[in-house]
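Everything on this sheet refers to the single structure shown next.
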Amino acid sequence: MSRPFRRLDIAGTALRDLDGLQFLRVLPESLEQLAAAAFHDLSYYLRPDFLDELTAVAADPATCANERFVCGALLRNAMIAAGGVLPLCQDTGTATIFAWRGERVLSGGGDEAALARGVARAWRENPLRDSQIAARSMFDEVNTGDNLPAQIDIRFAPGSEYHFMFVAKGGGSANKTLFHQGSKALLNEDALAAFLAEKIRQLGVAACPPYFLSVVVGGTSPEENLRTLKLASTGWLDSLPAAGDGRGAAFRDLAWEARVMKLAAASGWGAQFGGTHLALQARVIRLPRHAASCPVSLGVSCSAHRNMLGKITADGVFLEALDRNPARCLARLPPDTLAATAIDLDQPMPEILKQLAALPPGTLVSLNGPMIVARDMAHARFRERLRSGQPLPDYLMRHPVCYAGPARTPAGHAIGSFGPTTAQRMDDYLDELMIRGASRVTLAKGNRSEEAMCACVKHGGFYLGTIGGAAALIAKEHIVASEVIDFAELGMEAVLCIRVKNLPAFVIYDNRGGRLY
Ligand code: SF4
């Protein structure tokens, strides 16, 4: 993979000559600093070619207005994040490191621990979000507080260089990974096309498209298939040959990549609120397989497409140079043409419901006023209260509820990077809340279940969707105040009351069974 690199100011690597062979000495501190720098950069910057693709969609007059709106917002988000304060997304991800260590690299061992220390340092030194939860028993869990453990996979390679692929993978994006153990019956044009069409339709938009969509067919084991999938989604496998050799070499199937792109366009999901740009790119990798198995996986890298290369060579320690000037893309965008209906959230809830009832699904609204922020753990607590005979908190009746959990708040800001989380995870709670007059208006991202839509109809509720993956933009331009009002001990999952200003959202489900998707 040919990418631009920048040299880091990190000492501690040197070539040693032993028995006529050159060995590269790498200190653990160098690995720690490299990982810390990588996850800092991944939190704030994107690859230039990815930004160019978003720009092409946003600037294309043939693109539907909703998609231009989303891609334009993602570019403005990238510009704000590149300021180095508010990370690109509130879900700063699981730190994942693939490494290929040359057989003539001497580090003294402990590489995994050194890289993990670098991960913890990146999360400690920047206003990111600690997302890793450790179990103390089957059901008792606690946040680890430093975003560890990281997923670290080190393999040997020839030579005296150390190569890395750093990935910050959000939970919503990871949750879209699908694995299917198929058979030879899947390996024909019609069966594979039907399988992929169905799975792509099921993807939905909860992982904040436009996606980098990958498919892997085959593999000597399920785990090898899924490892390949993750690497494919970073572009690491882009230089594979375009045909198999009959001896087991992996290859890219370019014709199927084109078909996957067509299937993604035909799904109708688009870049979050309908259209044809569910995916910006596709990769289809074919691997060898056991005659009795045919593992197939499909996965996405979301609009926070956070992958970067690193390397340690005799010349020093290097990281891929990401784009620090996304503002260059904004000049190419046409003016926004979407008009929004303003909704005053300071009104009593019946008035808010009345105003929303007059709007068809797909309407863009601009929200102003107070909202409650609550996600998974808070909803589990609401249920506990109900089970123990206590009433629900009054704030759930009075205000719309946004499912979200922000990153840490940087000094001088009202809130840290803030974006909606996947609405479907709260579907199980919706009916029992709405029946009690709570959560009548909810705001998050992605499509929801039939049960959630039915709850809206039964109880006169609405579900709105705001842009996923634009967390720096939302924090900087659309949230003016924030305070913890309940369950402070839940950290980033505590219940907040925020005040929003001109927050854009689309009506996804209405109270009559109407839906955008
Ligand atoms: S952009 Fe969306 S899917 Fe990706 S990490 Fe952020 S919230 Fe998750």
Side-chain angles (χ1 to χ4, degrees), residues 39 41-47 50-51 53-54 57 67 70-78 80-81 86-96 122-123 126-132 147 151 166-178 203-214 230 233-234 269-273 277-281 298-308 326 373 375-376 402-408 415-426 443-448 465-475 478 492-493 505:
F39 286 101
D41 284 11
L42 281 175
S43 301
Y44 295 102
Y45 315 116
L46 291 164
R47 285 178 162 156
F50 182 71
L51 291 171
E53 286 177 77
L54 282 179
V57 176
E67 292 188 303
V70 169
C71 292
L74 293 173
L75 288 167
R76 283 190 288 133
N77 183 66
I80 292 167
L86 290 162
L88 285 156
C89 184
Q90 79 285 349
D91 185 347
T92 46
T94 295
T96 306
W123 260 259
N126 300 288
L128 309 186
R129 196 178 82 184
D130 301 325
S131 295
Q132 303 305 314
N147 213 50
Q151 182 186 327
F166 298 98
V167 184
K169 184 88 174 161
S173 177
N175 292 348
K176 289 293 173 195
T177 301
L178 170 154
L203 267 181
V205 292
C208 315
Y211 299 141
F212 190 110
L213 182 51
S214 302
K230 198 169 228 175
S233 73
T234 67
W269 291 114
Q272 306 199 12
F273 304 103
H277 293 88
L278 179 68
L280 289 178
Q281 290 196 41
L298 185 147
V300 303
S301 180
C302 61
S303 59
H305 187 46
R306 295 172 297 204
N307 322 287
M308 77 188 305
V373 178
R375 52 174 284 168
D376 307 59
C402 174
Y403 305 147
R408 282 202 300 279
I415 199 162
S417 283
F418 182 102
T421 195
T422 304
Q424 271 193 0
R425 293 202 315 276
M426 262 48 75
L443 174 79
K445 64 168 165 133
N447 44 305
R448 305 188 73 160
T466 192
I467 300 171
L473 175 72
I474 292 176
H478 300 295
M492 68 98 171
E493 299 218 22

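Predicted, not measured: the structure shown is a model, and the values here were computed from it. Remember, it's 1-based here, ligands and their atoms both numbered in the order they're listed.
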Looking only at protein heavy atoms, what sits closest to atom 1 (S) of ligand 1 is Gly469 CA, 3.5 Å
Give the numbers and elements of all ligand 1 atoms closer than 4.0 Å to a heavy atom of Gly170.
-> 5 (S)
Considering non-hydrogen atoms only, spot the tightest contact between Pro210 and Ala271 and give its length.
-> CD-CB, 3.9 Å
Closest heavy-atom pair, Ile415 versus Ala475, reported as atoms and distance to 0.1 Å, is CG2-CB, 3.9 Å
Say whether Thr94 and Gln151, considering side chains only, have a donor N or O and an acceptor N or O under 3.5 Å apart.
-> no
Provide the number and element of each atom of ligand 1 under 4.0 Å from a heavy atom of Ala207.
-> 3 (S)
Side chains of His277 and Val70 in contact at under 4.5 Å (non-hydrogen atoms) | no
Validation row: Leu54, Leu280 side chains within 4.5 angstrom (heavy atoms) = yes
In ligand 1, which numbered atoms sit nearer than 4.0 Å to a non-hydrogen atom of Cys302?
-> 1 (S), 3 (S), 4 (Fe), 5 (S)
Going by the order shown, which atoms of ligand 1 are within less than 4.0 Å of some heavy atom of Ala304?
-> 1 (S)
Minimal non-hydrogen separation, Cys302 against Tyr211, with atom names = CA-CD2, 4.2 Å
Applying a 4.0 Å heavy-atom criterion (strictly less than), which segment of Arg306 is in contact with ligand 1: side chain, backbone, both, or neither?
-> side chain
Can you sort out which atoms of ligand 1 are near Gln90, meaning under 4.0 Å from one of its heavy atoms?
-> 7 (S)
Could you confirm whether Cys208 has any N/O/S atom lying under 2.8 Å from atom 2 (Fe) of ligand 1?
-> yes
Can you tell me if Gly468 has a non-hydrogen atom under 4.0 Å from ligand 1?
-> no
Val300 to Lys169 - nearest heavy-atom pair and separation | O-NZ, 2.5 Å
For Cys89, take its heavy atoms, then give the atoms of ligand 1 lying under 4.0 Å from any of them.
-> 1 (S), 5 (S), 6 (Fe), 7 (S)
